[in-house]
Amino acid sequence: MNPPPGGAESASKRKLAEKLRTAERRAREKAVKEREKFRGLQIRPTASFFDDADAREPGEGNWEGFGFDLHPHVTVSSVLVLSVFIILTLMFQEQATEMADGALAWISSSFGWFFILAANIFIGAALFFAFGRFGRIKIGGSDAQPEFSTPAWYAMLLSAGMGIGLMFWSVGEPMYHYASPSPMFDGIAPESPAAAQAAMGVTFFHWGLHPWAIYSVVALGLAFFAYNRGLPLTIRSIFHPILGNRIHGGWGNLIDVLSVLATLTGLATSLGLGVKQINAGLNFLFGVAISPEIQVVLIAVITGFAALSVMAGLDGGVKRLSEWNMGLAGILLVFLLIAGPTVYILSGFTQSIGFYLENLPQLSLWTETFQESNWQGSWTVFYWAWWISWSPFVGMFIARISKGRTVREFVLGVMVVPTLLSFVWMSVFGGSALALQTSGTADIVGAVNEDVSTAMFAMFQHFPMTQVLSGVGIVLVTIFFVTSSDSGSLVVDHLTSGGKLDSPVPQRVFWAMMEGVVAAVLLLGGGLSTLQTAAISTGLPFVVVLLLIIYALYIGLSQEAYVEDAVRKELRAVEADHRLSEAVASAQQELDDTSTPGSTS
C-alpha cells in the first residue's frame, strides 16, 4: 500500500533536512581544515574547530592586588606617558600653549591630506564590506541570533551618536561657518543666504557618513574577531591575521597602548568641551565666572559623580543615566522643533541633505592645497582625528550590542541611522540659530565669536522658558560627561586588563579619575586649541593602526567567506542530488505500477 501523497512529501522533506544538516557539518569541518589556519585566544577555553592552538584566558600574566587586575606592559607604558605629559604641561603651561598651537599648525599642514584621504578610505572599505561578498556573513556565525530586537538595536545606535560634541557644536559650528565660510566656497559672502546653506552643508559633512564609517570599520573588526573567532574585545585581537601570536607580545602591547592613549585623549577632549559649556551655562544662569580654574573644579566634581556611576555598575549606573539622558534630549529636541521656526527647520533639513550629497565628493577630498590658509586644521582635520581617537570607545560599544547581525546590516545600520540623527539634531539647533540670526532677532554670531561655549544659551534666550531650557542643557551635558567618563573607563579598562570583562571596580574608578585629570590639564595648558591639538596628535599614529585594521579584517572575512561559500556549494549539491534521487525513485515507482498485472493505464 502506497503512502498518501502528503505523507510521502513530508517524509521527503525530513530526509532532505537530515541530509542537509549532515552535509553542512561535514562541509564546514572540511572547509575549516582546508583554509589557512587560525590560532588565537578564546574568550572561554572551550573546544572549537576555529581554534588550532592551546586556549588562553584573557588577562593571563596580569598583576593582581590592591583592587587592581592590570596588564603590566600596557598599563605601565600608558600611565608613564600620561604622567610625563601631565607633569610637563603643569610645569610649563605658557610654553605648552605655544607648543600646542605650533603642533596643531604643523600636523594639520603636513598631514592634513593624510587624515582626509584616510577618512575616505574608511568610507570605501565600509561599503566594500557591506555590498561585496562579505555582506551575508553573520557576526557570531551562521546560527547566531541578534541579542536585541532591531528597534532596540537602532535605539542603542542612536545613543552612541549622541554626546557632548553634538551639544557643544550644534549651534556654534553652523554659526561660525555662517560668519566665516570655508575657503572651499570661494566667493561666498559672509552672513549671506549662500553662507547659511554652506554652513549647514559643512556641518552635516563633519557629523555625517565619514565619522560613522570610521566607527563601523573598527566596530566590525572588534565584533567579528570576538564573536566569530573568540578573541577578547581589544584592538590587538583584530591584528591576529597579520601578526599571529605576536599580538600577545610587544607589537600587541604597542597597539593597545596607542589605543589607550587615543581613547583617553579623545575622551578628555570631549570632557573639556563639555565642562566649558557647563561653565558657560552656570554663568548664564547664576553669574558664575568663566575661567579655567572654575572649569577644573567642575571637572573634579563631575568626575566624582562619574566614579559613583562606575561603582553603581552598568545596570545601575551608565545604563540608567543613558536612558534618562536620551529621553531628556528627545524632549528638548521636540520642544525646540515645535516652539521654534518649524517649517524653516524642516525645509532646511531637507535642502541641506541635498546640498551635502551634491557636494560630498569635493567636501571629502578638499585639502586647500591652492589656498593660503589652514582652515582644515581647526575643522575637518581636527574632526577626523577626534573621531579616530574615539573609535575604540564607540567601536567597542557597538560591537558588544551587534551579535547576530549580518555584515551588510551592521555597516548600514551604523552608518545611516546615527548620521540621520546627527542631521536632525544639527538642523533643529543650527537651523533655529540661523533663523534668529538672519531675521535680526538675535546676534548668535557675536556670542560665538566671544565664546563658542555660550552659543546654545544665547539661542535659548529667545525661546519660551529660557531658564528651564538652559537648566536642561546643563543637565544634559553633565550627564553626557558622566556617561562618557564611565563608559570610557570601561573601554580603557578592557584594554589595560588584557581584555578581561570583569576587572575590579577600583580599576575603573582609577581610569575615570585619569580621564578627568587629562581633561583638566589640557584646559590649563591652553583651552580649546590644546584640546584640538591633543586629539590630532594622538590621532596621527592611530590612523595608521586603523588603516591596517581594514587589511586584517579583509583577511579574516575572506577566511570566513571561504568556509561559508564551501558550505553553501555543498548544500546545493546535496539538495540537487536528493531531488534527482527522489525523481528517479518516483519514476521507478510509476514504472513498477504500470508493469504490475491488473494496473490501469
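Along the sequence shown, residues carry numbers from 1.
Across all their heavy atoms, Phe204 and Phe423 have their closest contact at O-CE2, 3.3 Å. Of all heavy-atom pairs between Thr265 and Ala534, the closest is CG2-O, 3.1 Å. In plain terms, the two heavy atoms of Ser216 and Met415 that are nearest each other are OG-CG, 4.0 Å. When all heavy atoms of Ser259 and Leu495 are compared, the pair lying nearest together is CB-CD1, 3.9 Å. Annotation for Asp256 and Ile235: closest pair OD1-N, 3.8 Å, computed over non-hydrogen atoms. Nearest heavy-atom pair, Leu273 versus Ile164, reported as atom, atom and distance to 0.1 Å: C-CG2, 4.3 Å.
For the residue pair Trp390 and Thr263, no side-chain donor N or O sits within less than 3.5 Å of a side-chain acceptor on the partner. Side-chain contact of Asp486 with Ser309: a donor-acceptor pair under 3.5 Å is present, judged by distance alone. For the 3.5 Å distance criterion, the side chains of Glu368 and Ser373 qualify, holding a donor opposite an acceptor. With 3.5 Å as the limit, one finds no donor-acceptor pair spanning the side chains of Glu173 and Trp379. Ser237 and Thr234 form a side-chain donor-acceptor contact under 3.5 Å, judged by distance and modelled atom types alone. Between the side chains of Trp375 and Ser182, no donor-acceptor pair of N or O atoms lies under 3.5 Å.
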Let me have the donor-acceptor pairs involving side chains of residues 455-467, under 3.5 Å, with sequence neighbours excluded, atom names and distances please.
| from | atom 1 | to | atom 2 | distance (Å) |
| --- | --- | --- | --- | --- |
| Thr466 | OG1 | Phe460 | O | 3.0 |
| Thr466 | OG1 | Gln461 | O | 3.4 |
| Thr466 | OG1 | Phe463 | O | 3.0 |

Report, one line per pair, each donor and acceptor closer than 3.5 Å where one atom sits in a side chain of residues 280-292; sequence neighbours left out.
| from | atom 1 | to | atom 2 | distance (Å) |
| --- | --- | --- | --- | --- |
| Asn283 | ND2 | Val288 | O | 2.8 |
| Ser291 | OG | Ile294 | N | 3.2 |

- Query: Can you check side-chain contact (heavy atoms from CB on, under 4.5 Å) on Leu524 and Thr89, steps first, answer last?
  - Reply: CA-CA 8 Å; Leu524 291 173; Thr89 302; 6.0 Å; no
- Yes or no on side chain to side chain donor-acceptor pair (under 3.5 Å) for Asp69 and Ser497, after CA distance, side-chain angles and deciding distance? CA-CA 6 Å; Asp69 187 353; Ser497 63; over 6 Å; no
- Show your reasoning for whether side-chain contact (heavy atoms from CB on, under 4.5 Å) applies to Phe429 and Leu434. CA-CA 9 Å; Phe429 280 74; Leu434 282 170; over 6 Å; no
- When you look at Leu337 and Leu333, which way does the side-chain contact (heavy atoms from CB on, under 4.5 Å) test go after all the steps? CA-CA 6 Å; Leu337 177 61; Leu333 184 74; 5.8 Å; no
- Dump the intermediate steps for side-chain contact (heavy atoms from CB on, under 4.5 Å) on Phe111 and Ile536, then the final yes or no. CA-CA 10 Å; Phe111 296 97; Ile536 291 177; over 6 Å; no
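Looking at Phe393 and Ile398, their side chains never come closer than 4.5 Å, going by heavy atoms from C-beta outward. Side-chain atoms of Trp324 and Thr483, non-hydrogen and from C-beta on, never get closer than 4.5 Å to each other. Contact of the Ser180 side chain with the Pro190 side chain is not registered, since no non-hydrogen atoms from C-beta on lie closer than 4.5 Å. Met514 has its side chain within reach of Ile86: a pair of non-hydrogen atoms, C-beta onward, lies under 4.5 Å apart. Proximity of Phe335 to Leu469: side-chain heavy atoms (C-beta onward) are separated by under 4.5 Å at one or more points. A 4.5 Å side-chain heavy-atom check between Trp169 and Thr203 finds every atom pair outside the cut-off. Counting heavy atoms from C-beta outward, Ser389 and Phe542 have side chains that stay 4.5 Å or more apart. Residues Leu264 and Trp511 form a side-chain contact, since some pair of their non-hydrogen atoms from C-beta on lies under 4.5 Å apart.
Residue Phe305 qualifies as open at atom CZ: its count of foreign heavy atoms under 6.0 Å is 12 or below. Taking a 6.0 Å sphere around CD of Glu450, one finds it holds 12 or fewer heavy atoms contributed by other residues, nucleotides or ligands.
One distance of note links CG of Leu328 with CD1 of Ile479; it measures 6.5 Å at 0.5 Å rounding. Note that the CE atom of Met426 and the CZ atom of Phe349 stand 13.0 Å from one another [nearest 0.5 Å]. The distance from atom CH2 of Trp63 to atom NE2 of His71, rounded to the nearest 0.5 Å, is 10.5 Å. Trp386 CH2 to Leu267 CG: the interatomic distance, rounded to the nearest 0.5 Å, is 10.5 Å. Annotation: the span from Leu298 atom CG to Asn279 atom CG amounts to 5.5 Å, rounded to 0.5 Å. Between the CD1 atom of Ile107 and the CG atom of Asn374 there is a distance of 11.0 Å, given to the nearest 0.5 Å.
At least one donor-acceptor pair under 3.5 Å links the side chain of Trp387 to the backbone N or O of His206. Side chain of Ser487 to backbone of Ser484: no donor-acceptor contact under 3.5 angstrom is found. Judged by distance alone, with hydrogens and angles left aside, the side-chain atoms of Gln437 form a donor-acceptor pair with the main-chain N or O of Ile444 at under 3.5 Å. Panel note: side chain Glu64, backbone Leu70; no donor-acceptor pair is recorded below 3.5 Å. Judged by distance alone, with hydrogens and angles left aside, the side-chain atoms of Asp451 form a donor-acceptor pair with the main-chain N or O of Ser453 at under 3.5 Å. At least one donor-acceptor pair under 3.5 Å links the side chain of Ser108 to the backbone N or O of Ala105. Thr380 places no side-chain N or O within 3.5 Å of a backbone atom of Gln376 that could act as its donor or acceptor partner. A donor-acceptor pair is defined here as one N or O able to donate and one able to accept, closer than 3.5 Å; such a pair exists between the side chain of Thr75 and the backbone of Thr496.
Taking the ring centroids of Trp207 and Tyr383, they lie under the 6.0 Å cut-off. You'll find the ring centres of Trp384 and Phe205 inside the 6.0 Å limit.
Classified by interplanar angle (parallel below 30°, tilted 30° to 60°, perpendicular above 60°), the ring pair Trp212/Tyr215 is perpendicular.
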